[in-house]
Amino acid sequence: MNSLRIARTALRVRPTAVRAPLQRRGYAEAVSDKIKLSLALPHQSVYKSQDVVQVNIPAESGEMGVLANHVASIEQLKPGLIEVIEESGGSKQFFLSGGFAIVQPNSELSINAVEGYPLEDFSIDAVRSQISEAQKIAGGSGSEQDIAEAKIELEVLESLQAALK
């Protein structure tokens with residue numbers, strides 16, 4: 001059987017599937033350029049479905065900038081800086097200790113974090129002193145649990161120190 005006859009057979013079986021016009025989005029169609037951001041912490045909701053222009057997140061797979069119509073994904077967040085660029089043109093920065101970001105196909109971004117604070121709430125001097133204390137514990141002869149906790153604390157504090165510079 002030649003290929004033309006196979007194609008005709010397919011047309012008879014499902015004529016609507018082949019003859020339906022393709023749905024395409026043209027340049028003239030208006031597409032929202034905003035993301036609906038929800039940033040939730042255990043003790044408060046920082047953003048609740050608020051329109052923003054862009055969100056930069058510290059994903060385990062690498063730094064990501066999320067814009068409207070971003071591909072859907074779920075990202076584990078490492079300790080680091082979240083930057084939210086708002087509609088007004090200003091930006092807000094938060095330091096998160098980790099969490100998850102869920103990008104949904106309808107331009108919605110949900111960020112759930114264990115801890116998060118505005119960057120301006122931190123003191124570089126306090127962070128430096130906590131780093132030196134954590135380094136002493138991590139390099140000391142404490143219990144395995146104390147050393148493991150100090151290493152985790154160091155990772156978070158060093159990320160915070162880098163964000164404050």
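Side chains included, hydrogens not; waters and symmetry mates left out as well; all remaining heavy atoms used. Bear in mind that the values here come from a model prediction, so they are computed numbers and not experimental data.
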Q. So if you build clusters from Ile, Leu, Val, Met, Phe, Trp, Tyr with side-chain heavy-atom gaps below 4.5 Å, do Leu81 and Leu41 land together?
A. no
Q. Under the side chain to side chain contact (heavy atoms under 4.5 Å, CB included) criterion, do Asn56 and Met64 qualify, and how do the steps go?
A. CA-CA 6 Å; Asn56 299 320; Met64 285 179 61; over 6 Å; no
Q) So which heavy atom on Phe94 is nearest to which on Leu39, and how close? A) CD1-CD2, 4.3 Å
**Q.** CD1-CG distance between Ile35 and Leu67, expressed to the nearest 0.5 angstrom
**A.** 5.5 Å
Q) In this structure, are over 12 heavy atoms from other groups packed under 6.0 Å from Glu120 atom CD? A) yes
Q. For the atom pair CD (Glu83) and NZ (Lys92), what is the distance rounded to the nearest 0.5 Å?
A. 13.0 Å
Q: Report yes or no: do Ile131 and Ile124 belong to one cluster of Ile/Leu/Val/Met/Phe/Trp/Tyr joined by side chain heavy-atom distances under 4.5 Å?
A: yes
Q) What are the two closest non-hydrogen atoms of Ser38 and Ser49, and how far apart are they? A) OG-N, 3.1 Å
Q: Mind listing the closest non-hydrogen atom pair of Ala163 and Phe95 along with its distance?
A: CB-CD1, 4.5 Å
Q: Mind listing the closest non-hydrogen atom pair of Pro79 and Glu155 along with its distance?
A: CD-OE2, 3.9 Å
Q) Has Glu60 got more than 12 heavy atoms of other residues, nucleotides or ligands less than 6.0 Å from its CD? A) yes
Q. Minimum heavy-atom separation for Ala101 to Ile57, with atom names?
A. CB-CD1, 3.8 Å
Q: State the CG-CD1 distance between Asn112 and Ile102, to the nearest 0.5 angstrom.
A: 6.0 Å
Q. Taking a hydrophobic cluster as the set of Ile, Leu, Val, Met, Phe, Trp and Tyr residues connected by side-chain heavy atoms closer than 4.5 Å, whether directly or through intermediates, do Leu157 and Tyr117 fall within one such cluster?
A. yes
Q. So do the side chains of Leu160 and Val156 get within less than 4.5 Å of each other, counting heavy atoms only?
A. no
Q) In terms of hydrophobic clustering (I, L, V, M, F, W, Y; side-chain heavy atoms under 4.5 Å; direct or indirect links), are Phe100 and Leu109 co-clustered? A) no
Q: Can you see which heavy atom on Tyr47 is nearest to which on Leu37, and at what distance?
A: CB-O, 3.5 Å
Q.
To the nearest 0.5 Å, what is the distance between CD on Glu133 and CD on Glu153?
A. 8.0 Å
Q: Find the distance between CD (Glu86) and OG (Ser91) and round it off to the nearest 0.5 Å.
A: 8.0 Å
(Q) Would you say that Glu63 contacts Lys78 through its side chain, given a criterion of any heavy-atom pair below 4.5 Å between the two side chains? (A) yes
**Q.** Option among Val66, Leu96, Val103 that satisfies the side-chain contact (heavy atoms from CB on, under 4.5 Å) test with Ile111
**A.** Leu96
Q: Show the numbers, then the answer: is there a side chain to side chain contact (heavy atoms under 4.5 Å, CB included) between His43 and Glu115?
A: CA-CA 9 Å; His43 59 281; Glu115 288 183 301; over 6 Å; no
Q | CA sep, side-chain torsions, deciding dist, call: Val52, Ile85, side chain to side chain contact (heavy atoms under 4.5 Å, CB included) | A | CA-CA 6 Å; Val52 298; Ile85 300 169; over 6 Å; no
Q.
Working to the nearest 0.5 angstrom, can you tell me the gap between Ser123 OG and Gln130 CD?
A. 9.5 Å
(Q) Within the 4.5 Å heavy-atom criterion, are Asp33 and Asn69 side-chain neighbours or not? (A) no
